[in-house]
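These notes concern the structure reproduced below.
Along the sequence shown, residues are numbered consecutively beginning with 1.
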Amino acid sequence: MLGEFYDPNRDVRIDTGDRPHWSQSSTITFITFRTVDSIPKSVVLRWDKEKEDWLSRRGYNALPNWQTALARLEQTLRDEFNKHFNRTREIFLDKCHGNCHLRRPDLAKIVADSLMHFDGDRYRMGDFVVMPNHVHLMASFATNDAMRSQCMSWLHYTAVQINRKLGCKGRFWQQEPFDHLVRSFEQYEYLRRYIAENPAKAKLRDGEFLYRRLAD
């Protein structure tokens, strides 16, 4: 097994930024990061308003922001919230908005090589898929703070290498990845299927994505 499942009785670290980030040592984490042009700002702002409305309809004050209200939700409601809005985000990403530079095999390989570089040392890497404008992966990290710092390392290194190939400067990735602590074997298997099937759902052809599956 790649790692452990989320245990509410063990220490968990919660960092806040554009969204809450939960991390727990040795726990399998599902992570998504996306290119900076994959979702227009107008769409993100619309989703923020929809999240505030969703929380308000259930009696939670979404001020000063929906992230604060989300942290107060009981687990069942938080899961419902995440399921709904995660699905909305994934459907939009699979429409391949933006430049979709990662459709190029040489650029996708930069990301894949970076994900594998410290596998077995800083983290354990599970299944992943590099899509044209986003990446899904599962990994486990030895400490509560390792997940956030490693994500920032991946994003920084790959952005420098990809921009160099493209002859560009500036941000390549949206800096706040999405992360979710895996809670059961059933959820783990569901996410493995989701990663494997993501290219077909997005109607990609061979060579337009890069998929890696952890050996069973």
Side-chain angles (χ1 to χ4, degrees), residues 2 15 17-19 21 23 28-45 47 86 89-141 145-180 191-192 194-215:
L2 177 62
D15 296 313
D18 288 344
R19 63 188 61 84
H21 299 277
S23 54
I28 304 168
T29 309
F30 177 72
I31 299 171
T32 299
F33 43 89
R34 63 179 180 86
T35 58
V36 71
D37 62 352
S38 58
I39 303 178
K41 187 168 182 60
S42 59
V43 175
V44 174
L45 291 175
W47 288 348
N86 287 351
R89 182 187 70 246
E90 299 305 332
I91 290 172
F92 192 92
L93 285 174
D94 288 342
K95 293 179 180 177
C96 294
H97 292 272
N99 289 312
C100 292
H101 290 304
L102 298 177
R103 199 186 297 267
R104 281 177 45 176
D106 59 327
L107 302 184
K109 188 174 185 301
I110 290 173
V111 178
D113 288 348
S114 177
L115 295 180
M116 294 301 299
H117 188 71
F118 288 108
D119 180 30
D121 180 9
R122 296 183 181 177
Y123 49 82
R124 294 191 63 199
M125 180 57 61
D127 298 5
F128 65 76
V129 62
V130 183
M131 300 286 284
N133 64 357
H134 64 285
V135 177
H136 294 304
L137 67 94
M138 284 197 287
S140 61
F141 304 86
D145 9 337
M147 184 270 289
R148 190 78 184 273
S149 62
Q150 185 58 53
C151 283
M152 294 305 103
S153 177
W154 283 327
L155 296 181
H156 175 73
Y157 175 80
T158 56
V160 169
Q161 300 303 313
I162 292 170
N163 278 338
R164 185 174 296 156
K165 283 259 193 181
L166 294 171
C168 298
K169 293 183 179 179
R171 291 172 60 196
F172 182 79
W173 300 106
Q174 178 66 30
Q175 290 304 111
E176 290 265 3
F178 298 89
D179 47 81
H180 173 76
L191 290 169
R192 295 193 80 183
Y194 182 87
I195 289 172
E197 295 168 1
N198 199 202
K201 288 180 180 177
K203 297 180 171 59
L204 299 180
R205 299 185 296 269
D206 288 346
E208 294 183 320
F209 63 94
L210 198 161
Y211 169 64
R212 184 259 186 174
R213 180 178 176 86
L214 179 67

Taking only residues two or more places apart in sequence, or in another chain, which ones meet Cys168 in a side-chain contact (heavy atoms from CB on, under 4.5 Å)?
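Per chain and number, Cys168 pairs via side-chain contact (heavy atoms from CB on, under 4.5 Å) with Asn163, Leu166.
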
Of all the heavy-atom pairs spanning [X] and [Y], show the shortest one and how long it is.
X	Y	answer
His101	Leu107	O-CD1, 3.4 Å
Val44	Arg34	CG2-NH2, 4.1 Å
Cys151	Pro177	CB-CG, 4.1 Å
Val130	Val111	CG2-CG1, 4.0 Å
Arg171	Gln174	NH2-OE1, 3.5 Å
Met116	Met125	SD-CG, 3.9 Å

Is there a donor-acceptor pair under 3.5 Å between the side chain of [X] and the backbone N or O of [Y]?
X	Y	answer
Tyr123	Met147	no
Arg212	Gly126	yes
Asp37	Asn99	yes
Tyr211	Ile195	no
Ser149	Ala146	yes
Thr35	Asn133	yes
Ser140	Leu2	yes

Query raised in the report: Got more than 12 heavy atoms from elsewhere within 6.0 Å of NZ, Lys201?
Result: yes

query = Under the side chain to side chain contact (heavy atoms under 4.5 Å, CB included) criterion, do Tyr157 and Asp113 qualify, and how do the steps go?
reply = CA-CA 11 Å; Tyr157 175 80; Asp113 288 348; over 6 Å; no

(message) Under the side-chain contact (heavy atoms from CB on, under 4.5 Å) test against Leu137, which residue among Val129, Asp127, Ile31 passes?
(response)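 By the side-chain contact (heavy atoms from CB on, under 4.5 Å) criterion, Leu137 pairs with just one of Val129, Asp127, Ile31: Ile31.
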
So how far is it from [X] [atom1] to [Y] [atom2], rounded to the nearest 0.5 Å?
X	Y	atom1	atom2	answer
Thr29	His21	OG1	NE2	12.5 Å
Phe33	His134	CZ	NE2	11.0 Å
Met138	Leu214	CE	CG	8.5 Å
Glu208	Asp206	CD	CG	9.0 Å
Leu93	Thr32	CG	OG1	8.0 Å
Arg192	Arg213	CZ	CZ	3.5 Å

_Audit row: Thr158, Leu115, side chain to side chain contact (heavy atoms under 4.5 Å, CB included) steps and yes/no_ = CA-CA 10 Å; Thr158 56; Leu115 295 180; over 6 Å; no

Worksheet item: Is it the case that Asn198 and Asp94 place a side-chain donor and acceptor less than 3.5 Å from each other?
Response: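 Distance-only check passes for Asn198 and Asp94.
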
- Message: Assess the residue pair Gln161 and Ser114 against the criterion (side chain to side chain contact (heavy atoms under 4.5 Å, CB included)); give the C-alpha distance rounded to whole Å, side-chain angles, the decisive distance to 0.1 Å, and a yes or no.
- Response: CA-CA 10 Å; Gln161 300 303 313; Ser114 177; over 6 Å; no

| said: Students often mix this up, so state it plainly: with edges at 30° and 60°, are the rings of His97 and Phe92 parallel, tilted or perpendicular? | reply: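 Parallel, since the angle between the ring planes stays under 30°.
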
Q. What class does the angle between the rings of Phe30 and Tyr194 fall in, given that below 30° is parallel, 30 to 60° is tilted and above 60° is perpendicular?
A.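 Perpendicular: the ring planes of Phe30 and Tyr194 meet at over 60°.
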
- So, Glu176 and Arg148, do they make that salt bridge, N to O below 4.0 Å? yes

